[in-house]
Protein chains: 2
Amino acid sequence: MATQQRRERERAQREALIVSAARDMAEADGWASVTVRRLAERIEYSQPVLYSHFAGRGAIVDAVALQGAAELAEALERARTGAEEGEELEAVAQAYLDFAAANPALFEAMFALAEGLEFGPNAPDVLKAGFAQLYAVFAPLAGDRDPETLTETGWAALHGLAVLGRDGRLRPGLQQDRLAILLRQFVNG
Amino acid sequence: MATQQRRERERAQREALIVSAARDMAEADGWASVTVRRLAERIEYSQPVLYSHFAGRGAIVDAVALQGAAELAEALERARTGAEEGEELEAVAQAYLDFAAANPALFEAMFALAEGLEFGPNAPDVLKAGFAQLYAVFAPLAGDRDPETLTETGWAALHGLAVLGRDGRLRPGLQQDRLAILLRQFVNG
DNA sequence: ACACGATACTAGCACCGCTAGACAATCGAG
DNA sequence: CTCGATTGTCTAGCGGTGCTAGTATCGTGT
């Protein structure tokens with residue numbers, strides 16, 4: 001019946017609403033302030049409704065993290081394909097740092113909070129897509145070394161810059177300089 | 001009076017007991033399982049006693065993080081001074097990764113949980129001491145670049161390797177290869 | 001011996017994640 | 001069109017959390 005489809009559509013819409021509300025709240029006041037109660041009030045439903053969509057609070061965080069992974073992959077791809085020839089690495093790396101700086105709570109969900117977000121061989125496609133973007137710019141530098149290992153190394157270096165920078169553990173205002181240093185190490189190695 | 005001193009000594013001892021108990025529990029079952037109630041039961045005191053030592057649960061985490069910073073600084077220094085000439089960088093970098101792998105909960109406290117742990121100019125001495133160890137091995141590679149910025153970059157790269165590796169986001173068993181790649185980029189740059 | 005100050009405790013607050021059971025709205029069969 | 005059945009939502013409440021006010025107890029100095 002058509003009614004059934006409308007139901008499912010509305011349900012999917014509400015699920016998206018939950019995820020985006022959680023994300024907004026986290027980005028505004030931190031993940032600690034994202035409680036199931038407040039989230040329920042925000043979307044104007046009672047708490048059990050949330051549990052009909054997600055297994056628990058953790059699953060909501062996971063959903064936000066997954067959304068973040070998708071957006072990150074997209075941002076990296078946009079940066080790479082939109083870059084001048086020969087400047088893809090700089091563009092992608094910059095996009096990674098920009099993404100982390102622009103969406104700190106989202107980044108936190110992806111790399112600190114999410115428990116059910118699998119990496120490795122069984123990782124969701126969006127994660128693999130993100131890694132593929134990094135691979136596309138790092139692998140050409142591998143030479144005789146394993147390109148995947150080199151990509152992992154480059155990613156980790158970039159990631160460290162992002163997280164330490166976000167937490168105020170590196171001197172502010174010098175992120176560009178650090179990125180320049182890092183990339184020079186990689187293109188010259 | 002001498003009694004007063006004994007009191008203070010016992011008090012300091014109990015404070016250390018709290019910190020080490022929290023650390024042990026976190027390392028054994030994760031930080032989520034470190035609740036004030038369980039911690040109180042573990043040290044065989046009631047909860048308010050904890051609050052006479054620390055402002056709250058967060059302050060206990062901070063104390064653990066500070067202890068971790070001290071141990072990390074010590075481990076790095078030991079690695080550096082104990083290394084063969086010319087291999088200080090490898091030794092220190094390896095020590096950093098080993099420390100993160102051996103004390104995941106401690107590392108989490110330091111870089112994800114601690115809220116009251118200041119970095120930058122007002123950072124506690126132990127943190128500066130740790131950075132100084134990194135500076136000692138990275139700065140010589142700076143050439144015409146700012147040695148502090150290069151150190152920050154090297155630290156970040158190393159840190160990224162540590163955290164992504166710890167969370168299972170890089171293929172296991174290849175940490176050595178990645179470190180080798182990373183260091184080669186830095187010594188050749 | 002006794003009053004006093006320090007110290008630890010019991011009990012309870014508001015809030016958390018989560019869920020059982022009651023209730024209402026919608027659907028399909030006759 | 002009516003009436004069970006099913007689906008969906010809500011109210012209320014459980015155990016646990018961080019934290020604290022008020023009470024009792026203990027050791028101390030006079």
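- Salt bridge annotation for B:E88-B:R80: absent, with no cationic side-chain nitrogen under 4.0 angstrom from a carboxylate oxygen.
- Scanning for salt bridge (charged side-chain N to carboxylate O under 4.0 Å, His left out) contacts around B:R37 gives an empty result, with sequence neighbours left out.
- Looking at heavy-atom distances under 4.0 Å, B:R11 makes no contact with the nucleic acid at all.
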Would you please test A:H159 and A:F107 for ring-ring contact (aromatic ring centres under 6.0 Å, His included) and show each step?
-> CA-CA 10 Å; A:H159 187 74; A:F107 213 70; 5.5 Å; yes

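- Between the P atom of C:dG17 and the CG atom of A:D62 lies a distance of 15 Å, rounded to the nearest Å.
- Atom CG of A:D24 sits in a crowded spot, with more than 12 heavy atoms from other residues, nucleotides or ligands closer than 6.0 Å.
- For the pair A:E152 and B:R169, the salt-bridge criterion is not met [side-chain N within less than 4.0 Å of a carboxylate O].
- Between B:L164 and A:A156, the shortest heavy-atom contact is CD1-CA, 3.7 Å.
- D:dT11 atom C1' lies 17 Å from atom OH of A:Y45, rounded to whole Å.
- Crowding of B:D98 atom CG: a count of heavy atoms from other residues, nucleotides or ligands under 6.0 Å exceeding 12.
- Under a 4.0 Å N-O distance rule, the pair A:D146/B:R171 qualifies as a salt bridge.
- The CG-C1' distance, from A:L50 to D:dC10, rounds to 13 Å in whole Å.
- In this entry the distance linking NE2 of A:H53 with P of C:dT19 reads 16 Å, nearest Å.
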Nucleotide by nucleotide, nucleotides 13-24 of chain D touches protein heavy atoms under 4.0 Å in the pattern (B base, S sugar-phosphate only, - none) B---BBBB----

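- Protein atom CD of A:E41 is 15 Å distant from nucleotide atom C1' of D:dT11, rounded to whole Å.
- In the helix from C:dA1-D:dT30 to C:dG30-D:dC1, the rotation axis of the first five pairs and that of the last five pairs differ in direction by 10°, rounded to 10 degrees.
- Phosphate proximity of C:dT7 to B:R14: absent, as no side-chain N or O sits under 4.0 Å from OP1 or OP2.
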